[in-house]
J.: 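Got a structure for you, questions after.
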Number of protein chains: 2
Amino acid sequence: MVTMRDIAKMAGVSHSTVSRALNNDPRISPKTTEKIRQVAEDLGYSLDIRGRVLAQGRTFTIGLAIPNITNEFFLPVIRGVEHKAAEFDYSLILCSTRADMRFELEAVRLMAERRVDGLIIAWTDDFEGIIGKLEPNKWPVVFIGNALEDSPYPFIDCDHRSGAYDAAKHLIELGHKHIAFLAGPLISIDAGERLDGYKQAVEENDLVPDMWEGDYTRSSGYTQGKKMLSCRRRPTAVFAANDWMAMGVMSAANELGIKIPEELSVIGFDDVAPARHLLTPLTTVRQPAQQMGRTAVRMLLENGKPKSKRVVLGTELVVRKTTHQAIEKR
Amino acid sequence: MVTMRDIAKMAGVSHSTVSRALNNDPRISPKTTEKIRQVAEDLGYSLDIRGRVLAQGRTFTIGLAIPNITNEFFLPVIRGVEHKAAEFDYSLILCSTRADMRFELEAVRLMAERRVDGLIIAWTDDFEGIIGKLEPNKWPVVFIGNALEDSPYPFIDCDHRSGAYDAAKHLIELGHKHIAFLAGPLISIDAGERLDGYKQAVEENDLVPDMWEGDYTRSSGYTQGKKMLSCRRRPTAVFAANDWMAMGVMSAANELGIKIPEELSVIGFDDVAPARHLLTPLTTVRQPAQQMGRTAVRMLLENGKPKSKRVVLGTELVVRKTTHQAIEKR
DNA sequence: CTGTTAGCGCCTTCAA
DNA sequence: TTGAAGGCGCTAACAG
């Protein structure tokens with residue numbers, strides 16, 4: 001492996017001159033620069049960034065910890081982070097923590113040892129554990145999700161409440177009077193906010209809320225869907241707190257011979273790829289996942305230290321094929 | 001940031017003793033070791049791997065270049081690579097090359113500068129360009145896909161031919177006589193092999209092949225699907241060379257009022273998540289993507305140099321809901 | 001405009 | 001069982 005010293009010897013200059021020339025330092029004469037570049041080329045030199053890393057104290061690397069790389073939902077986040085990092089010529093170290101505290105702490109250790117210049121932690125379940133590990137080192141970190149009211153750490157999230165409100169409102173405007181809501185696990189903050197958004201819209205319009213609880217999995221959507229659709233007076237629309245559950249509800253409806261969207265409107269949340277690709281694609285509230293990833297990187301890298309402590313992005317109602325005018329008087 | 005020298009001073013030993021103690025070198029007495037660990041703990045020491053990296057000439061990092069992180073298909077590959085790398089306490093640098101030669105070479109440069117210990121290049125379109133960049137450096141590299149007959153580089157792929165054969169055979173065994181095949185872009189090697197597998201099965205059974213060409217996109221599946229299903233004598237089954245096209249065909253059938261699977265069987269290839277989540281989930285040939293990722297890492301890390309130059313994994317026919325007995329005599 | 005020197009944090013050979 | 005010294009590849013402060 002050829003180093004700057006090799007080039008220096010060959011070109012008859014000092015290695016620092018080589019370093020400067022290769023970094024376009026204007027103090028080096030064009031002639032020397034040219035010569036050095038030539039020699040470098042001839043020798044097939046390739047910069048070894050590890051030297052620079054040690055000398056400059058930066059690694060040009062950011063770390064991303066994702067709870068579960070199995071879930072398609074995170075793909076756009078990864079994409080956003082990767083693309084933005086590449087723009088800065090930064091590389092991305094990816095860790096999937098499998099939603100397991102142990103792996104999560106392992107990931108933090110690994111990234112810490114590598115002295116990444118910044119850390120993005122997405123939707124961790126063990127916020128406390130993470131910040132416990134992080135605090136002493138005082139690294140630039142941005143959380144995605146985990147929008148704790150009083151978090152002293154910068155985070156980025158989207159507005160679950162207003163997103164849910166929009167979804168419910170959409171159904172109401174289509175004339176639905178009986179809109180069931182299938183909530184996520186209510187320990188999670190965003191699940192609570194989505195519920196609030198639903199409640200607000202429903203109450204503002206003098207409708208009566210009809211709440212069910214799921215756990216964000218497709219199978220919980222299916223189970224609860226079966227139940228709610230077998231009721232004597234079943235809802236004409238259901239708003240599931242995420243797309244996976246919405247898909248579960250659709251399966252249930254399908255098995256019960258209930259036609260979507262003619263007899264039942266369904267709306268989800270997140271805009272996950274599989275739901276977009278259904279034969280009748282799901283109407284949903286898009287969480288701007290990719291942009292969240294990009295923004296996280298920007299917060300980390302742009303202003304040195306994250307300046308804006310908290311960023312809350314808006315959501316977007318994406319009307320596709322599963323929502324429909326309510327049927328007049330069943 | 002506290003270093004080994006700080007610990008050494010504090011503990012009244014030399015920094016090399018600290019290094020050894022922290023690395024469990026048996027030559028250091030248990031007492032000193034214990035003391036050093038204690039001091040390290042007290043000082044909140046965290047290993048800075050960058051020093052080791054430079055001293056040992058390894059980076060404990062592998063790079064993964066993926067053509068397009070937008071495509072869900074690659075997710076399991078990333079997962080496989082990430083998990084296996086983590087087992088070795090290696091970290092993963094992820095680059096999405098957006099199926100663009102420029103980004104691809106950028107990615108190789110980035111990984112080269114970082115001196116990753118191994119490189120995994122997945123389904124590159126510019127094989128020649130890549131190996132041009134790689135050759136001089138002679139890095140351990142494993143390709144995923146790009147199974148060139150005479151490739152001097154180690155690769156891992158799956159058996160597209162036999163996978164396609166199995167799929168076609170499955171339809172034949174269900175009694176289908178008219179099985180259309182929607183091929184991928186035939187410049188790509190695997191598209192050709194999938195076509196071969198189909199042909200072989202069909203010919204072995206004295207059926208007449210019915211071939212259409214798509215480009216692996218959903219929309220091409222839709223367009224071609226519309227055409228083939230509007231034929232006077234339309235097929236009773238279609239085998240699409242990947243899941244995306246299969247989904248396109250399903251949309252087309254849906255719009256034409258053709259019931260799947262009762263009136264039309266559809267089978268795909270790859271086993272991509274969205275196809276798995278359809279209301280009537282797609283029967284398909286699973287490419288063991290995750291295992292391919294794991295194996296690639298193993299090839300890179302386990303035997304020092306990749307020993308087995310070429311690995312071809314089997315596929316698995318996953319029968320779900322879109323395939324059905326052929327209707328007797330239409 | 002260029003060279004000298006020191007140093008980033010760690011590992012490792014050699015010597016004691 | 002431990003210490004001293006040198007080096008990995010690069011950058012940077014200081015001289016000239």
J.: Can you give one letter per nucleotide of nucleotides 11-16 of chain D, going 5' to 3': B for a protein heavy atom under 4.0 Å from the base, S for sugar-phosphate only, - for none?
T.: BBB---
J.: Return the set of residues passing side-chain contact (heavy atoms from CB on, under 4.5 Å) with A/L119 (not counting sequence neighbours), or none when no residue passes.
T.: A/M111, A/V116, A/I121, A/L134, A/V141
J.: List for me each residue that meets ring-ring contact (aromatic ring centres under 6.0 Å, His included) alongside A/F103, sequence neighbours excluded, and say none if there are none.
T.: none
J.: Less than 4.0 angstrom between a side-chain N/O of B/T3 and OP1 or OP2 of C/dG9, yes or no?
T.: no
J.: Quick one: is C/dC10 close enough that its OP1 or OP2 comes under 4.0 Å of any side-chain N or O from B/Y45?
T.: yes
J.: Just the rounded figure in Å: distance from P of D/dG7 to CZ of B/R50.
T.: 22 Å
J.: Who passes side-chain contact (heavy atoms from CB on, under 4.5 Å) against A/D157, sequence neighbours left out?
T.: A/A147, A/F155, A/H160, A/Q287, A/M292
J.: Enumerate the residue pairs fulfilling salt bridge (charged side-chain N to carboxylate O under 4.0 Å, His left out) with a member in residues 287-297 of chain B, sequence neighbours excluded, ordered by first and then second residue.
T.: B/E87-B/R294
J.: According to the interplanar angle, ranging from 0 to 90°, do the rings of B/W123 and B/F74 count as parallel (below 30°), tilted (30 to 60°) or perpendicular (above 60°)?
T.: tilted
J.: For the helix from C/dC1-D/dG16 to C/dA16-D/dT1, figure out the bend between the end axes, five pairs an end, and round to 10 degrees.
T.: 40°
J.: Using a 4.0 Å cut-off on heavy atoms, which residues in residues 28-38 of chain B reach DNA chain D? List them by number, or say none.
T.: B/I28, B/S29, B/T32
J.: Can you tell me how far apart CD1 (A/I120) and OG1 (A/T295) are? Round to the nearest 0.5 Å.
T.: 10.0 Å
J.: In whole angstrom, give the distance that lies between atom CG of B/D25 and atom C1' of D/dT2.
T.: 11 Å
J.: Got a sec, which residues hit side-chain hydrogen bond (donor to acceptor under 3.5 Å, both in side chains) with A/S188, two or more places apart in sequence or on another chain?
T.: A/D190
J.: A/I49 has an atom CD1; how far is it from atom P of D/dC10, in whole Å?
T.: 11 Å
J.: Select base, sugar-phosphate, or nothing to describe what A/V13 touches, counting heavy atoms under 4.0 Å on all strands.
T.: sugar-phosphate
J.: Mind checking what makes side-chain hydrogen bond (donor to acceptor under 3.5 Å, both in side chains) contact with A/N146, not counting sequence neighbours?
T.: none
J.: Check the distance between C/dC10's C1' and B/D6's CG and give it to me in whole angstrom.
T.: 13 Å
J.: So, using ring-ring contact (aromatic ring centres under 6.0 Å, His included) as the criterion, who are the partners of A/Y45 when residues are at least two apart?
T.: none
J.: Going by side-chain hydrogen bond (donor to acceptor under 3.5 Å, both in side chains), name the residues that satisfy it together with B/S29, two or more places apart in sequence or in a different chain.
T.: B/T32
J.: Measure from CG on B/N24 to C1' on C/dC11 and round the result to the nearest Å.
T.: 15 Å
J.: When the distance from CD1 of B/I7 to C1' of C/dG9 is rounded to whole Å, what number comes out?
T.: 11 Å
J.: Check side-chain contact (heavy atoms from CB on, under 4.5 Å) between A/E72 and all other residues, then give those that pass, not counting sequence neighbours.
T.: A/W244, A/P274, B/E72, B/L75, B/A273, B/R276
J.: Taking all heavy atoms of B/L105 and all of B/G129, pick out the closest pair and write down the distance.
T.: CD2-O, 4.0 Å
J.: Report the residue (B/G12 or A/D48) whose heavy-atom-nearest nucleotide on DNA chain D is the more 5′ of the two.
T.: B/G12
J.: If I take atom NZ in residue B/K9 and atom C1' in nucleotide C/dG9, what distance separates them, rounded to the nearest angstrom?
T.: 13 Å
J.: Would you say C/dT2 has OP1 or OP2 under 4.0 Å from some side-chain N or O of A/T17?
T.: no
J.: Could you give the CZ-to-P distance, from A/R114 to C/dC10, as a whole number of Å?
T.: 14 Å
